[in-house]
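Below: the structure, in structure tokens.
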Amino acid sequence: MSLEQLIAHCKNHDTKAQEELYKLFSSKLFSICLKYSANYAQAEDNLQDAFLTIFNKIEQYKGKGSFEGWLKRITINTALQRYRAEKVFNIVNENEVEDFEIEVNEDVISLDYLLKAIQNLPDRYRLVFNLYVLDGYSHKDIANMLKISVGTSKSNLSRARQILKQTVENYNLSEHIQSL
């Protein structure tokens, strides 16, 4: 069955087609949920909520644009809804934001370690970092999605980068000490 046929069957509330759609996209969407969730269990809950929304709103997909992109937007928005209600963001002055680079030696630090460091960021920093750095959203888009100011988005990104920079520096220092 083609993707278009699968979507058409899902629009008719065909449970077998919904199951197939879930099997086809659940692993990709779960990886998105992991980026935007505090832990594995919350990511599982967010995935289930995202699929409920997808199945309830699938008739709104008109075949324009990427279906996978449509699924990803719903998944991200589902995960972010939890944080919008919790008001986890601090309002800051945009002039206080500093920008800097994080130096990472890929031969020394593993991708798994970096992903774990990102996952361990406080929610407000992790969300903005993931949206901006990993998914390419602008600060304006992030501000709209999270119902915060552009300055708060920039500040939270800056703070996330500071924490990650310190984490990488600590890791590099411990690796250097161990090699002595």
Side-chain angles (χ1 to χ4, degrees), residues 1-91 111-112 114-150 152-157 159-160 163-164:
M1 184 180 311
S2 73
L3 181 58
E4 290 78 22
Q5 292 171 320
L6 194 58
I7 294 168
H9 285 275
C10 286
K11 285 181 179 183
N12 290 325
H13 308 287
D14 179 338
T15 56
K16 291 283 186 200
Q18 289 174 339
E19 183 180 350
E20 280 302 309
L21 191 75
Y22 182 88
K23 287 178 183 176
L24 191 59
F25 290 103
S26 62
S27 63
K28 285 182 182 179
L29 298 181
F30 185 66
S31 67
I32 291 170
C33 289
L34 281 172
K35 285 194 311 192
Y36 294 101
S37 302
N39 55 50
Y40 195 88
Q42 189 180 80
E44 290 177 321
D45 290 344
N46 286 335
L47 180 67
Q48 295 307 316
D49 291 345
F51 268 103
L52 288 173
T53 302
I54 289 165
F55 294 139
N56 286 330
K57 295 187 175 193
I58 197 160
E59 69 279 345
Q60 294 176 9
Y61 179 72
K62 303 296 182 202
K64 295 184 175 148
S66 161
F67 182 68
E68 188 171 330
W70 184 79
L71 295 174
K72 287 178 180 180
R73 274 192 310 281
I74 287 176
T75 303
I76 290 170
N77 283 328
T78 299
L80 295 180
Q81 282 177 336
R82 179 179 314 271
Y83 298 104
R84 285 187 201 119
E86 292 177 8
K87 305 282 188 220
V88 297
F89 298 96
N90 296 328
I91 307 301
L111 180 60
D112 286 342
L114 284 175
L115 291 175
K116 189 173 280 190
I118 292 167
Q119 190 66 28
N120 287 331
L121 288 169
D123 292 340
R124 62 184 175 264
Y125 303 144
R126 185 184 73 251
L127 293 174
V128 173
F129 183 87
N130 285 338
L131 287 167
Y132 187 84
V133 174
L134 301 180
D135 291 323
Y137 286 96
S138 70
H139 284 294
K140 183 179 177 184
D141 290 338
I142 294 168
N144 288 333
M145 292 169 82
L146 298 176
K147 309 289 189 247
I148 59 176
S149 72
V150 170
T152 300
S153 176
K154 289 179 179 181
S155 171
N156 286 335
L157 176 63
R159 186 66 185 123
I163 293 169
L164 290 172

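All values reported here derive from a predicted model rather than from experimental measurement. Values below: every heavy atom of this structure, side chains too, minus hydrogens, waters and symmetry copies.
Rounding to the nearest 0.5 angstrom, the gap separating the CD1 atom in I142 from the OG atom in S149 is 11.5 Å. For the atom pair CG (L146) and CG (D141), the distance works out to 10.5 Å, reported to the nearest 0.5 Å. With values rounded to the nearest 0.5 angstrom, H13 atom NE2 is found 8.5 Å from N56 atom CG. For the atom pair CZ of R159 and OG1 of T152, the computed distance is 15.0 Å after rounding to the nearest 0.5 Å. Note that the OH atom of Y36 and the OG1 atom of T75 stand 11.0 Å from one another [nearest 0.5 Å]. Of the inter-residue distances, the one linking L127 atom CG with I148 atom CD1 reads 9.0 Å to the nearest 0.5 angstrom.
Closest of all the heavy-atom pairs between T78 and T53 is OG1-OG1, 4.2 Å. In plain terms, the two heavy atoms of K62 and E59 that are nearest each other are NZ-O, 3.1 Å. When every heavy atom of D14 is checked against every heavy atom of K16, the shortest pair comes out as OD1-N, 2.9 Å. Residues M145 and I76 share a closest heavy-atom pair of CE-CG2, 3.7 Å.
The side chain to side chain contact (heavy atoms under 4.5 Å, CB included) test applied to K116 returns N120, not counting sequence neighbours. For L24, the side chain to side chain contact (heavy atoms under 4.5 Å, CB included) test picks out L3, L6, with sequence neighbours left out. Here A43 pairs with F30, C33, L34, S37 under the side chain to side chain contact (heavy atoms under 4.5 Å, CB included) rule; sequence neighbours left out. By the side chain to side chain contact (heavy atoms under 4.5 Å, CB included) test, Q60 is found to be paired with K57, residues two or more places apart in sequence or in another chain being considered.
The aromatic rings of H139 and Y132 lie parallel to each other, their planes meeting at an angle below 30°, with 60° marking the opposite boundary.
In this structure, K64 contributes its side chain and Y61 its backbone to no donor-acceptor pair below 3.5 Å. A donor-acceptor contact shorter than 3.5 Å links the side chain of Q42 to the backbone of A38.
A heavy-atom distance below 4.5 Å is found between the side chains of I163 and P122. Taking the side chain as every heavy atom from C-beta outward, H9 and E20 never approach each other to under 4.5 Å. In this structure the side chain of F67 reaches within 4.5 angstrom of the side chain of L21, judged on heavy atoms.
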Side chain to side chain contact (heavy atoms under 4.5 Å, CB included), that's the test. Do T15 and F55 meet it? Break it down for me.
CA-CA 10 Å; T15 56; F55 294 139; over 6 Å; no
Could you walk me through whether I74 and L71 pass the side chain to side chain contact (heavy atoms under 4.5 Å, CB included) check?
CA-CA 5 Å; I74 287 176; L71 295 174; 5.6 Å; no
Applying side chain to side chain contact (heavy atoms under 4.5 Å, CB included), run through I54 and W70 and close with a yes or a no.
CA-CA 9 Å; I54 289 165; W70 184 79; 4.1 Å; yes
Decide side chain to side chain contact (heavy atoms under 4.5 Å, CB included) for L121 and N130; before the verdict, give the C-alpha distance in whole Å, the side-chain angles of both, and the deciding distance to 0.1 Å.
CA-CA 11 Å; L121 288 169; N130 285 338; over 6 Å; no
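Applying the salt bridge (charged side-chain N to carboxylate O under 4.0 Å, His left out) rule to pairs touching residues 39-55 yields nothing, sequence neighbours excluded. The salt bridge (charged side-chain N to carboxylate O under 4.0 Å, His left out) analysis of residues 27-41, with sequence neighbours excluded, yields the pairs K28-E68, K35-D135.
Using modelled atom types and a 3.5 Å distance limit, the side chains of Y22 and Q48 yield a donor-acceptor pair.
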